[in-house]
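Data block below; observations after.
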Amino acid sequence: MRVLDVAWGATHTELRLGAAGPAIIEVNPRLAGGMIPRLVHHALGVDLVGGVVGRAVGHLVDIVPRRHGGAAIRFLVADRSGCSTGSPGWRRSPVWPASSTWES
């Protein structure tokens with residue numbers, strides 16, 4: 001099915017749910033930012049970046065989910081400028097100590 005004449009490839013699409021139902025806010029022909037492709041890989045086992053690049057060079061790509069899980073991302077924002085040299089606490093999430101992956 002073609003939507004907005006997008007025949008193939010990734011789209012970053014944002015919707016807003018309101019009283020009148022969903023409304024399209026943004027559609028762009030690209031993968032989402034903010035490490036979203038990594039989250040999809042963690043949750044579903046699907047390599048979105050590899051899929052888009054593979055399709056762009058003419059390969060058939062497999063984007064069938066290998067698992068059905070969940071993933072979340074949280075960005076830590078500094079309250080002042082400066083340089084961070086790391087912290088022993090960065091190995092596990094301070095908010096979700098049971099997280100399986102923590103990247104710094």
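Counting from 1, the numbers follow the sequence of the chain as shown. Just so you know, these numbers come straight off a predicted model, no measurement behind them.
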Review point. If you count the non-hydrogen atoms of other residues, nucleotides and ligands that lie under 6.0 Å from CZ in Arg16, is the total more than 12?
Key: no

Point to revise | Any Asn28 side-chain heavy atom under 4.5 Å of Thr11 side chain | key: no

Exercise for review: Might you point out which heavy atoms bring Leu44 and Gly69 nearest each other, and give the distance in Å?
Suggested key: CD2-N, 4.4 Å

**Study point:** Spacing of Arg55 atom CZ and Leu60 atom CG [to the nearest 0.5 Å]
**Key:** 8.0 Å

**Study point:** Non-hydrogen atoms of Pro22 and Leu17 that approach each other most closely
**Key:** CB-CD2, 3.6 Å

Review point. Would Leu15 and Ile25 count as a side-chain contact (heavy atoms from CB on, under 4.5 Å) if you check the C-alpha gap in whole Å, the side-chain angles of each, and the deciding distance to 0.1 Å?
Key: CA-CA 5 Å; Leu15 304 171; Ile25 302 298; 5.7 Å; no

Exercise for review: Work out which heavy atom in Pro37 is nearest to a heavy atom in Leu48; give both atom names and the distance.
Suggested key: CA-CD1, 4.1 Å

**Study point:** Under 3.5 Å: donor-acceptor pair, side chain of Arg66, backbone of His41
**Key:** no

Point to revise | Spacing of Ile73 atom CD1 and Ile36 atom CD1 [to the nearest 0.5 Å] | key: 6.0 Å

Review point. Which heavy-atom pair separates Ala32 from His12 by the least distance, and what is that distance?
Key: CB-ND1, 3.1 Å

Practice item. Decide if atom CG of Leu31 counts as having more than 12 heavy atoms of other residues, nucleotides or ligands within a radius under 6.0 Å. Key: yes

